[in-house]
K.L.:
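I have a structure I would like to understand better, so I am pasting it below and will then ask my questions one at a time.
Heavy atoms only: backbone and side chains are in, while hydrogens, waters and symmetry mates are out. Keep in mind it's a predicted model, so treat the numbers as computed, not measured.
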Amino acid sequence: MANTIFPMSSDIYLEADGKKIAVVQSYSTKATRSSREIEAFGESEPVATIAGASRYEIELSRLYATDEAISDGISFYDLSDFSLVICKPDKRVIYAQCRWSSIEEAAKLGDPVAEKVKLIARKRMEITG
């Protein structure tokens, strides 16, 4: 029986300028694509569709800044043009050129701050190996 490796929270992280700036406990993604119908005169149904731009929306839960990011004074509110990297057993999925669209913070006495960040990414890449 082969050993199955599941991603850990350290395998999901934000990266900016080649540096890991935060680890992420969980994420969810939604990819959408706009499309347009091509109609022909006299036809009752479209004759074709053309794919439009893709949009990647990502929601991250429980972000923890790395010690290096904290010492560099990086703020999630100031971030733009960063990447989300998700390491899986057989590939890495990278959402590149990200910008945040919303940030939520909640804290209870004695608990670390838990942040929920929603991102919009310009592109998605998969790197095998």
Side-chain angles (χ1 to χ4, degrees):
M1 175 181 235
N3 290 339
T4 303
I5 301 170
F6 293 100
M8 308 277 288
S9 63
S10 62
D11 296 327
I12 307 166
Y13 58 91
L14 296 182
E15 187 177 82
D17 298 324
K19 296 179 185 176
K20 187 186 285 191
I21 58 170
V23 292
V24 179
Q25 185 176 19
S26 64
Y27 71 95
S28 65
T29 63
K30 178 182 175 184
T32 57
R33 178 181 286 170
S34 61
S35 60
R36 195 173 55 165
E37 297 176 337
I38 305 298
E39 298 177 356
F41 183 75
E43 296 292 326
S44 62
E45 296 180 0
V47 295
T49 58
I50 297 175
S54 295
R55 178 180 170 100
Y56 304 101
E57 298 175 38
I58 304 124
E59 185 172 310
L60 308 175
S61 295
R62 295 203 180 256
L63 281 74
Y64 297 97
T66 62
D67 291 338
E68 185 178 1
I70 292 169
S71 66
D72 288 346
I74 291 176
S75 166
F76 291 129
Y77 292 95
D78 297 331
L79 284 178
S80 63
D81 197 21
F82 56 94
S83 297
L84 169 66
V85 180
I86 303 164
C87 300
K88 296 187 177 189
D90 59 341
K91 64 185 168 190
R92 289 182 347 144
V93 179
I94 301 170
Y95 291 90
Q97 297 175 340
C98 295
R99 294 191 181 274
W100 64 268
S101 61
S102 71
I103 297 177
E104 296 177 37
E105 291 185 53
K108 294 180 184 174
L109 189 59
D111 286 347
V113 173
E115 297 194 25
K116 245 185 201 183
V117 178
K118 292 184 181 178
L119 310 175
I120 304 294
R122 193 175 81 72
K123 65 182 178 178
R124 179 184 186 278
M125 303 172 283
E126 289 187 16
I127 301 170
T128 57

K.L.:
How many angstroms lie between OH in Y27 and CD1 in I58, if you round to the nearest 0.5 Å?
P.N.:
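Result: 10.0 Å between the selected atoms.
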
K.L.:
Kindly indicate whether the side chain of I94, heavy atoms from C-beta on, has any atom under 4.5 Å from the side chain of L84.
P.N.:
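No; the side chains remain at least 4.5 Å from each other.
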
K.L.:
Are I70 and Y77 joined in one hydrophobic group, where the rule is that I, L, V, M, F, W and Y side chains link up if heavy atoms are under 4.5 Å apart?
P.N.:
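In one cluster with I70: Y77, no.
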
K.L.:
Would you say that I12 contacts V85 through its side chain, given a criterion of any heavy-atom pair below 4.5 Å between the two side chains?
P.N.:
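Of all side-chain heavy-atom pairs linking V85 with I12, none is under 4.5 Å.
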
K.L.:
Rounded at 0.5 Å granularity, tell me how far CG in L60 sits from CZ in F76.
P.N.:
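Rounded to the nearest 0.5 Å, the CG-CZ separation comes out at 9.0 Å.
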
K.L.:
In the structure I gave you, are the side-chain heavy atoms of K19 and D72 within less than 4.5 Å of one another anywhere?
P.N.:
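Side-chain contact under 4.5 Å: yes.
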
K.L.:
Are E126 and K91 close enough for a salt bridge, meaning some N to O gap below 4.0 Å?
P.N.:
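Salt bridge: yes.
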
K.L.:
Below 4.5 Å, heavy atoms only, C-beta onward: do L14 and L63 meet side chain to side chain?
P.N.:
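Sidechains of L63 and L14: in contact.
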
K.L.:
Enter the distance from E115:CD to Y64:OH here, rounded to the nearest 0.5 Å.
P.N.:
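Rounded to the nearest 0.5 Å, the CD-OH separation comes to 9.5 Å.
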
K.L.:
Can you name the nearest heavy-atom pair linking F82 to A16, along with the distance?
P.N.:
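For F82 versus A16, the nearest heavy atoms are CB-CB, 4.2 Å.
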
K.L.:
Do L119 and Y95 come close enough that some side-chain heavy atom pair is under 4.5 Å?
P.N.:
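Of all side-chain heavy-atom pairs linking Y95 with L119, none is under 4.5 Å.
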
K.L.:
Taking S80 for the side chain and R99 for the main chain, is one N or O donor matched with an acceptor at less than 3.5 Å?
P.N.:
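Such a contact is absent between S80 side chain and R99 backbone.
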
K.L.:
Assess whether a salt bridge exists between D11 and K88, defined as any Lys/Arg side-chain N lying under 4.0 Å from an Asp/Glu carboxylate O.
P.N.:
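No, no charged N to carboxylate O under 4.0 Å.
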
K.L.:
Could you check whether any side-chain heavy atom of I38 comes within less than 4.5 Å of a side-chain heavy atom of T49, counting everything from C-beta outward?
P.N.:
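When only atoms from C-beta onward are counted, T49 and I38 do not touch, as no gap falls below 4.5 Å.
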
K.L.:
For residues R124 and Y56, is any side-chain donor paired with an opposing acceptor at under 3.5 Å?
P.N.:
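Checked: R124/Y56 side chains show no N/O donor-acceptor pair below 3.5 Å.
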
K.L.:
Can you establish whether the number of heavy atoms outside D17 located under 6.0 Å from its atom CG is more than 12?
P.N.:
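Atom CG in D17 is not crowded, with 12 or fewer foreign heavy atoms closer than 6.0 Å.
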
K.L.:
Indicate yes or no: does E57 engage K118 in a salt bridge with an N to O separation below 4.0 Å.
P.N.:
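Salt bridge absent between E57 and K118.
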
K.L.:
Hydrophobic cluster membership, with links at side-chain heavy-atom distances under 4.5 Å among I/L/V/M/F/W/Y: are I21 and I120 in one?
P.N.:
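Each belongs to a different hydrophobic cluster.
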
K.L.:
Measure the spacing between SG of C87 and CZ of R92 and express it to the nearest 0.5 Å.
P.N.:
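Going from the SG atom of C87 to the CZ atom of R92 covers 5.5 Å.
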
K.L.:
Out of curiosity, R122 CZ to S54 OG, how far, rounded to the nearest 0.5 Å?
P.N.:
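Between atom CZ of R122 and atom OG of S54 there are 11.0 Å.
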
K.L.:
If you take all heavy atoms of A96 and S83, which pair is closest and at what distance?
P.N.:
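Closest heavy-atom pair between A96 and S83: CA-OG, 3.8 Å.
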
K.L.:
M125 versus V93: any side-chain heavy-atom pair under 4.5 Å?
P.N.:
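Not in contact.
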
